[in-house]
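Worksheet: the structure to be examined is printed underneath.
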Amino acid sequence: MTIWDETMRLALAEAELARAHGDVPVGAVVLGLTGEILASAHNERAVRGDPLAHAEVNVLHRAAAAVGGWRLDGCTLVVTLEPCAMCAGAISQTRLARLVFGAFDEKAGAVASLWDLLRDLRLPHRPEVVSGVLADECAMALQTFFAERR
């Protein structure tokens, strides 16, 4: 088991918290320079009535508060689902060193599936991207959630 697997399991636990209150089960964790957990969060769009309350945005807010500033240089974001365009933009703006994600998002993924915003050579900051970590488990959480709603 790798550090990414361990951290993705924490993100999956966050995703379960989202599912428990009716939100799409996406969870995220930000690790600091030495691998310590700076913040964790999950989707809260439904519970807060906020279209911007994606797991990634929520955890970036919390991580920035933890470090006392908007720059997350050297930090890693681990999230259960490939980020959308909004979240990819937020990731770029925080100067994260690395993004690790689980399931690919064929409908809205902006890091590999539909677009590759984070590795666009026109951007001044391009974090390392690690994809597919525990992808089957991450995808199953989403598939189960949507199957229950059909």
Side-chain angles (χ1 to χ4, degrees), residues 1-32 35-66 70 72 75-120 122-123 125-150:
M1 183 176 319
T2 70
I3 181 77
W4 306 139
D5 291 349
E6 292 174 29
T7 309
M8 189 62 76
R9 292 204 187 286
L10 296 173
L12 280 163
E14 280 289 332
E16 178 58 24
L17 295 174
R19 187 205 60 74
H21 59 68
D23 269 292
V24 176
V26 178
V29 176
V30 172
L31 301 176
E36 75 280 15
I37 296 172
L38 293 179
S40 61
H42 53 273
N43 272 357
E44 295 180 346
R45 293 183 311 167
V47 74
R48 289 178 24 200
D50 181 353
L52 305 181
H54 289 207
E56 299 94 328
V57 171
N58 295 338
V59 80
L60 293 174
H61 278 292
R62 292 175 187 165
W70 65 269
L72 298 176
C75 295
T76 299
L77 168 62
V78 178
V79 62
T80 58
L81 181 64
E82 177 184 358
C84 68
M86 176 184 72
C87 293
I91 290 163
S92 178
Q93 291 299 312
T94 62
R95 309 299 194 264
L96 282 166
R98 182 176 306 102
L99 166 68
V100 177
F101 73 86
F104 288 84
D105 186 348
E106 300 299 327
K107 294 181 181 178
V111 179
S113 296
L114 295 179
W115 301 284
D116 192 353
L117 296 179
L118 291 181
R119 292 176 283 201
D120 189 312
R122 296 169 291 186
L123 293 176
H125 178 75
R126 292 176 299 281
E128 174 188 358
V129 175
V130 178
S131 60
V133 174
L134 300 183
D136 291 340
E137 290 179 50
C138 294
M140 184 57 67
L142 292 159
Q143 290 165 0
T144 300
F145 174 81
F146 288 113
E148 291 170 352
R149 279 157 176 63
R150 291 189 187 111

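Bear in mind the structure is a predicted one, so any value in this text is a computation, not a measurement.
Residue F104 holds its CZ atom at 6.5 Å from CD of E82, rounded to the nearest 0.5 Å. The distance from atom CG of L60 to atom CG of L96, rounded to the nearest 0.5 Å, is 6.0 Å. L118 CG to D116 CG: the interatomic distance, rounded to the nearest 0.5 Å, is 7.0 Å. Atom-to-atom distance recorded for I91:CD1 and L72:CG is 10.5 Å, nearest 0.5 angstrom. Distance SG/C84 to CG/D105: 8.5 Å, rounded to 0.5 Å. Summarising the geometry, atom CD belonging to E16 is positioned 10.5 Å from atom NE2 belonging to H21; distances are rounded to the nearest 0.5 Å.
Sorted by first and then second residue, the pairs that involve residues 125-134 and meet side chain to side chain donor-acceptor pair (under 3.5 Å), not counting sequence neighbours, are R98-E128.
There is a side-chain donor-acceptor pair under 3.5 Å between R48 and N58.
A donor-acceptor pair under 3.5 Å links the side-chain atoms of D23 to the main chain of A46, judged by distance alone. Within the 3.5 Å criterion, the main-chain N or O of R45 finds no donor-acceptor partner in the side chain of N43. Side chain of T144 to main chain of M140: a donor-acceptor pair is present (N/O by atom type, distance under 3.5 Å, no hydrogens or angles).
Using a 4.5 Å heavy-atom cutoff, the side chains of V130 and T76 are not in contact. The side-chain heavy atoms of P83 and L99, taken from C-beta on, include a pair separated by under 4.5 Å. For the pair F146/V24, a side-chain contact is recorded, criterion being any heavy-atom separation below 4.5 Å from C-beta on. Using a 4.5 Å heavy-atom cutoff, the side chains of V111 and L117 are not in contact. Side-chain contact between V26 and F101 is absent, with no heavy atoms from C-beta onward closer than 4.5 Å. At a threshold of 4.5 Å between non-hydrogen side-chain atoms, the residues R95 and W70 count as touching.
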### Query
Does the salt bridge (Lys or Arg N to Asp or Glu O under 4.0 Å) test come out yes or no for R62 and E44, once each step is laid out?
CA-CA 14 Å; R62 292 175 187 165; E44 295 180 346; 3.6 Å; yes
